[in-house]
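Everything on this sheet refers to the single structure shown next.
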Protein chains: 2
Amino acid sequence: MVETTNSDIYTILKERVLSGQYNIKMRLPTEDALIEEFNVSRYAIRKAIKQLVNEGLVYSVKGKGVVVLEQTPQTKEINLSLAKINGLQSLNSDQKIDRKTIIADFQQIIVDEKLHQKTSFSVGVPVYAIKRVRRINTKNAVLDINYFNAQIVPEITPEIASGSIYDYIKKDLQMKIAVVKRQLRIEHATQIDYEHLNLGINNCVGNMVSFAFNDDGKQFEYTESHFIPDNFIFNQIIKF
Amino acid sequence: MVETTNSDIYTILKERVLSGQYNIKMRLPTEDALIEEFNVSRYAIRKAIKQLVNEGLVYSVKGKGVVVLEQTPQTKEINLSLAKINGLQSLNSDQKIDRKTIIADFQQIIVDEKLHQKTSFSVGVPVYAIKRVRRINTKNAVLDINYFNAQIVPEITPEIASGSIYDYIKKDLQMKIAVVKRQLRIEHATQIDYEHLNLGINNCVGNMVSFAFNDDGKQFEYTESHFIPDNFIFNQIIKF
DNA sequence: GAGTGGTCTAGACCACGGT
DNA sequence: CCGTGGTCTAGACCACTCC
């Protein structure tokens, strides 16, 4: 007897949707039909479909069925990036770009009132303050300004920072990263942006502000990533 | 006997988390404890907790419990906006700003090859092409460039466009909006941006590109919303 | 080993869509 | 009216965390 688990069903259904197998009436088979085909419970089927919904491939309508959304080259790109986020792949600031990292600044400092307002770390907490430039295709494309709570993420070195701090956190410190909350905005370029980034004729940067939490619920990181305009692209799906 | 449904449980738990009632050990009660308290099945409890997870208020860890994430003024803002997206409230381009809408252009045209590449509408399809300026606090803050498939969304008039096209779609046409896929990016300002927006010293705009689908899975809209830098703010949560 | 959340099953009833 | 997905219950087993 072959084991067919929820994750397998998801993979199979996804493949069928992408290959256009369900395009005839723009519908998936009913849940009952899928239960029979895979010989599993309704729970497993619904879970697999929910995952497809989250990726923006299909949409469930009560009383009607599961509708397949039109696929075009333009929207496929968005689907792809969202599959990565909801799946295991992380496109975190630390590992999405591994071309070349240049450390522009590395200090250990104590949080003062002003830094508290920005980072939401408590006043008096020791933090690592790191500035790194990401070089992509011979362009300085991203400036990362990191603050790590040194009580939670201790003993960061410039060597670690020149690689992946997230790898260090996960593999060496055995700490679990739970959630990253982000805000995306556009800001007028500052002195430091002009110094480190190849802005060209542009006078603005994309700013991705991140607050990262571990599985104890504690915030261990505050980061600003300043992007040059060309490299700032984010995708999202709104469900109604 | 009082009915306690999943949605009520969510509301109650959320209130407790926000009021800091579960902050003592940074944990929620176990699922079994909540099942007893509310006298419902595990399904209902898990569904309510899942909603809190999606809003970034808590995080479930297998074998450990449901952890409450640290709340700071800076991150509360992000939580709020995500509660709206995942809930019913829509902050769609059409209705989040109702200060003042100025119609800059209104035409009905046929999709050619170039427009097809951009919008992913098929060549030959008739579309409404509309440009509208959103004025906020005496500033021209957003330029909306809409293309609606006229076969799916017929008979748009300048009068409708000066109000809310989404209201027209939902209330008058009785069409269901299923999904909106978006891409956020930064672009160098073009001639048309300078004409219609109060860019000030900035020479870039935030571009929110939207593809909207109805519950038949058909794309009925392509929109570019050009934001002046101050008004371009988006939030997101990444779960690991 | 005890306790926790994650997965899964089997079944019931409800709400909505289309005929 | 029938067929569909949405909600909910009751119970089982597994995987992980922590003592």
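First the proteins, then the strands, lettered A, B, ... as listed; each starts at 1.
Looking at residues two or more places apart in sequence or on another chain, you find a side-chain hydrogen bond (donor to acceptor under 3.5 Å, both in side chains) between B:Gln71 and B:Asn79.
Spacing between atom CD1 of B:Ile35 and atom P of D:dA12 amounts to 14 Å, rounded to whole angstrom units. A straight line from CD of A:Glu31 to C1' of C:dC16 spans 14 Å, rounded to a whole angstrom. With rounding to whole Å, B:Ile49 atom CD1 is found 8 Å from C:dG6 atom P. Counting to the nearest Å, the P atom of C:dT4 and the CZ atom of B:Arg27 are 10 Å from each other. Rounded to an integer number of Å, the gap from CD of A:Gln174 to P of D:dC18 is 12 Å. Per the geometry, CZ belonging to B:Arg42 stands 11 Å off C1' belonging to C:dC8, to the nearest Å. Taking atom CD of residue A:Gln51 and atom C1' of nucleotide C:dT7, one finds them 13 Å apart after rounding to whole Å. In this entry the distance linking CG of A:Leu28 with P of D:dT4 reads 13 Å, nearest Å.
Ranking D:dT17, D:dT7, C:dT9 by closeness to the A:Tyr43 side chain, first place goes to C:dT9. Here D:dG6 is the nucleotide among D:dG6, C:dC8, C:dG5 with the atom lying nearest to any side-chain atom of A:Arg46. Checking D:dT17, D:dT4, C:dT7 against the side-chain heavy atoms of A:Lys176 singles out D:dT17 as nearest.
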**Request:** For A:Arg16 and A:Glu37, run salt bridge (charged side-chain N to carboxylate O under 4.0 Å, His left out): C-alpha distance rounded to whole Å, both residues' side-chain angles, the deciding distance at 0.1 Å, then the answer.
**Result:** CA-CA 14 Å; A:Arg16 291 187 190 166; A:Glu37 177 182 351; 2.6 Å; yes

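Below 30°, between 30° and 60°, or above 60°: for A:Phe220 and A:Tyr166 the angle between ring planes is between 30° and 60°, a tilted geometry. Aromatic ring pairs are classed by plane angle as parallel below 30°, tilted from 30° to 60° and perpendicular above 60°; the pair B:Phe227 and B:Phe234 is perpendicular. Aromatic ring pairs are classed by plane angle as parallel below 30°, tilted from 30° to 60° and perpendicular above 60°; the pair B:Phe106 and B:Tyr128 is tilted.
Within residues 59-66 of chain B, the residues that place at least one heavy atom under 4.0 Å from DNA chain D are, in residue-number order, B:Lys62, B:Gly63, B:Lys64.
Interatomic distance, CD1 of A:Ile45 versus NZ of A:Lys50, reported as 15.0 Å (0.5 Å rounding).
Remark: B:Lys131 does not engage B:Asp144 in a salt bridge, criterion side-chain N to carboxylate O under 4.0 Å.
Between A:Asp215 and A:Pro29, the residue whose closest nucleotide on DNA chain D is further toward the 5' end is A:Pro29. Ranked by how close their nearest DNA chain C nucleotide is to the 5' end, B:Asp216 and A:Ile45 are led by A:Ile45.
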